[in-house]
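Throughout, a chain's letter reflects where its sequence line sits, starting with A, and its residues are numbered from 1. Computed from a predicted model, the values in this text were never measured in an experiment.
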Number of protein chains: 2
Amino acid sequence: MHFQQLTYFVAVAEARHFTRAAEAVHVSQPSLSQQIRALEAELGADLFSRARGNITLTDAGEALLPLARRILADAETARHEVQELVSLRSGRVRLGATPSLCTGLLPDLLRAFHDRHPGVRLLLEEGGSHDLVRQLARGALDLALVVLPLPAASPALSTVELLREDLVVVSAATEPPPGRDGSIRIADLEGAPLVMFRHGYNLRELTLAACRAEGFEPTFTVEGGEMDAVLGFVRAGLGIAVVPSMVAARAGHDLRRTALAGGGLRRTIALAHRSDVDPPRAARELQRMLLEHRPVPG
Amino acid sequence: MHFQQLTYFVAVAEARHFTRAAEAVHVSQPSLSQQIRALEAELGADLFSRARGNITLTDAGEALLPLARRILADAETARHEVQELVSLRSGRVRLGATPSLCTGLLPDLLRAFHDRHPGVRLLLEEGGSHDLVRQLARGALDLALVVLPLPAASPALSTVELLREDLVVVSAATEPPPGRDGSIRIADLEGAPLVMFRHGYNLRELTLAACRAEGFEPTFTVEGGEMDAVLGFVRAGLGIAVVPSMVAARAGHDLRRTALAGGGLRRTIALAHRSDVDPPRAARELQRMLLEHRPVPG
DNA sequence: TGATCTCCATAGGAAGAGCCTATCGGTGAG
DNA sequence: CTCACCGATAGGCTCTTCCTATGGAGATCA
């Protein structure tokens, strides 16, 4: 049984006429006759009664017709659905990102992507860099924005460096500025009241490591919040916090930004995906837009 | 798009392995690869991500899979339905029945069936219920009309109760009526001249069992004949006989019917077929007509 | 009745598709 | 490094599908 045979069969059933059916499907009449005969031979039953000038379906033909139509419709649907995915009129992207990027970089990007491909569903997973890497490897995510370097035991992931962001100290505008001359050294954080993120934030480990490199353990006034909570605590005067400059820039006028002196602290954000399989079309497109609009190449 | 390509596609989706899928569909691995690639080319999208040792469906593949399955199932259904029609046009039914039913119930039914399906050959096996059960089990019959209950050691047969028929006593119209007041008790058969069927007739065992339950052995004037012979002997005045009422009703005016008093004697006729295999289409159709025209539901 | 028309079936040859075996190339394990 | 595995590629054979040309049976009309 071939799709073409079913197409011819339906054409004859509708035209009730071999020659006109052949024209309708753009094939010569003998070819169509031959295919109908082949179909009849395979099924073991005549499909048409070929009374002269009055071609009609046999009972076997009647039984076949609705199924043939449905099969052809399904084939058409299949082509169409795949085409929708290819043309990005449908599909989805499962994107992971760290909380700071979710508020900083993503809104504009996702807005642009959605404007261009409104049919693609965007599923965002907000989480720590470690978790995101694990989910990528499991195939639960298509793409993730993670902090480099990746954990040593990372599975096969490809990464593209996306941007480096400076970390800055934020403090309440109502409090006296920390540090000196509008900048602050890591060493100045010793004994300073720090508001610290919960475990799992890469920022936490980065800050802790920097302090320890200077030979001291930082002091936490409050710890455990998400990004918004931390900024809120700082705003309320509970302490200061080390956050990405991109987050600080959006934090409003009631927060003061103080750059870190010396090399300061930076972290590298990369776009990661599994290296063994190509991401779906929609994810590749998002990746492309992300790299194209890369805010600061590094 | 070809059916074969969809078959291959589903095989790979299920095996997650090209080589094994090729074995499953009995084709060489290159042929299968080639067809998958052709399908991918036609649809304009990869269907599988061919990560080493981990073949998975892409989103396009995921979209196609359910449709491919449905198309293949529809094609199978189409073949099957046409085949059913063919077998009603040229099939056969091997039907077994007890002699009494062959003369009573079957003629009209078979006539109706033949009118509706003139191409179906009807092969009738007339025999005792025991023999019929054995032949059903051997696969020598498609359907049989048998007397319940089935022998204890019956193989796996499905039965549907069809009708219950009373047994009556027939005697020659020229002889004085047996019994009293137009009816007769089993006990009255003691010493009466009975014309008895040959071994194998269920009626024989039924009658014998009834007499023994009353504490006597019946007396046979003649024994060993088929239904027609028995009726002939009764007609000739050789004795009386216990027969199904349906047979007696058709026996003509020269035979007198006398009902059995008290609960009387009844037997249950059922339609039986093997329960492990579906009967052929034509047999199912006969079964359907039989149940639809069931004379007396019970 | 015979000529003609219509329309499906048949014949024969060219182009193409599918399948095969043999082989390549990349990856992961020992 | 070598080997095993596994999907991709190459080349050749065969079968299918298509075409054009033609056959042949039933209807129509003179």
Side-chain angles (χ1 to χ4, degrees), chain A residues 1-58 60-61 68 72 75 137 139 153-158 273-278, chain B residues 1-58 60-61 68 72 75:
Chain A
M1 197 186 292
H2 294 139
F3 283 103
Q4 212 144 18
Q5 293 174 335
L6 297 181
T7 306
Y8 294 175
F9 165 72
V10 171
V12 174
E14 286 173 352
R16 307 170 92 73
H17 199 285
F18 276 62
T19 305
R20 281 198 287 276
E23 285 167 15
V25 294
H26 306 108
V27 75
S28 72
Q29 170 266 316
S31 297
L32 179 135
S33 279
Q34 188 186 350
Q35 290 307 311
I36 296 288
R37 276 206 138 16
L39 184 58
E40 289 176 327
E42 180 187 338
L43 293 176
D46 282 358
L47 298 171
F48 297 103
S49 74
R50 295 157 165 82
R52 177 162 193 80
N54 185 25
I55 303 281
T56 54
L57 286 166
T58 61
L72 293 173
S154 303
L157 297 183
S158 299
H273 63 84
R274 284 175 66 175
S275 53
D276 55 350
V277 297
D278 269 358
Chain B
M1 196 185 294
H2 293 131
F3 284 102
Q4 213 141 18
Q5 293 173 336
L6 296 182
T7 306
Y8 295 175
F9 165 70
V10 171
V12 174
E14 284 172 354
R16 307 172 93 74
H17 198 287
F18 276 63
T19 306
R20 281 198 286 277
E23 284 167 16
V25 295
H26 306 108
V27 75
S28 70
Q29 170 264 317
S31 297
L32 179 133
S33 280
Q34 188 188 348
Q35 290 306 311
I36 296 288
R37 280 203 120 45
L39 185 58
E40 289 176 327
E42 181 187 338
L43 293 176
D46 283 357
L47 298 171
F48 296 104
S49 69
R50 296 156 164 82
R52 179 166 192 76
N54 185 25
I55 304 278
T56 53
L57 286 166
T58 61
L72 294 174

Sequence neighbours left out, what passes side-chain hydrogen bond (donor to acceptor under 3.5 Å, both in side chains) with [X]? Give chain and number order.
{"X": "A:E23", "result": "none"}
{"X": "A:S28", "result": "A:S31"}
{"X": "A:S158", "result": "none"}

### Message
If the cut-off is 4.0 Å, is A:T19 near the phosphate of C:dC7, judged by side-chain N/O to OP1 or OP2?
### Response
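Checking C:dC7 against A:T19, no side-chain N or O comes under 4.0 Å of OP1 or OP2.
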Rounded to whole angstroms, how far apart are [atom1] on [X] and [atom2] on [N]?
{"X": "B:R37", "N": "C:dG18", "atom1": "CZ", "atom2": "P", "answer": "15 Å"}
{"X": "A:L39", "N": "C:dA9", "atom1": "CG", "atom2": "P", "answer": "13 Å"}
{"X": "B:F18", "N": "C:dT27", "atom1": "CZ", "atom2": "P", "answer": "17 Å"}
{"X": "A:Q34", "N": "C:dA14", "atom1": "CD", "atom2": "C1'", "answer": "14 Å"}
{"X": "A:L47", "N": "C:dA9", "atom1": "CG", "atom2": "C1'", "answer": "16 Å"}

Of all residues at least two apart in sequence or in a different chain, which pass the side-chain contact (heavy atoms from CB on, under 4.5 Å) check with [X]?
{"X": "B:Q34", "result": "none"}
{"X": "B:A11", "result": "B:A21, B:V25"}
{"X": "A:Q5", "result": "A:H2, A:Q35, A:A38, A:L39, A:E42"}

### Task
Please find the earliest and latest nucleotides of DNA chain D, in the 5' to 3' direction, that have an atom within less than 4.0 Å of any heavy atom of chain A.
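Under 4.0 Å from chain A, the extent on DNA chain D is D:dT17 to D:dG26.
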### Task
Any pair with a residue in residues 3-14 of chain B that passes salt bridge (Lys or Arg N to Asp or Glu O under 4.0 Å), sequence neighbours left out, goes on the list, sorted by first then second residue, please.
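Salt bridge (Lys or Arg N to Asp or Glu O under 4.0 Å) check on residues 3-14 of chain B returns B:E14-B:R69.
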#### Entry: Shortest non-hydrogen contact from B:L72 toward B:F3
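Answer, listing the atom of B:L72 first, then B:F3: CD2-O, 3.8 Å.
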### Query
Which of residues 1-16 of chain B have a heavy atom under 4.0 Å from DNA chain D?
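Listed by number, there are none.
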### Task
Kindly write out the residues that satisfy salt bridge (charged side-chain N to carboxylate O under 4.0 Å, His left out) with A:R37, not counting sequence neighbours, or none if the list is empty.
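By the salt bridge (charged side-chain N to carboxylate O under 4.0 Å, His left out) rule, A:R37 matches A:E40.
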### Task
Output the single nucleotide from C:dA9, C:dC20, C:dC8 whose closest atom is nearest the side chain of A:I55.
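The nucleotide sitting nearest to the side chain is C:dC8.
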#### Entry: Closest-nucleotide ordering on DNA chain D, the 5'-leading residue of A:V27 and B:R20
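Between the two, 5'-proximity favours B:R20.
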Quick test: give all pairs of protein nitrogen or oxygen and nucleotides 21-25 of chain C nitrogen or oxygen below 3.5 Å, distance rounded to 0.1 Å.
none

### Message
Using modelled atom types and a 3.5 Å cut-off, is there a donor and acceptor pairing between side-chain atoms of A:T58 and backbone atoms of A:L47?
### Response
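Side chain of A:T58 to backbone of A:L47: a pair is present.
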### Query
Residues in ring pair (Phe, Tyr, Trp, His ring centres under 6.0 Å) with A:F9, at least two apart?
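Once residues adjacent in sequence are excluded, the partners of A:F9 under the ring pair (Phe, Tyr, Trp, His ring centres under 6.0 Å) criterion are A:F48.
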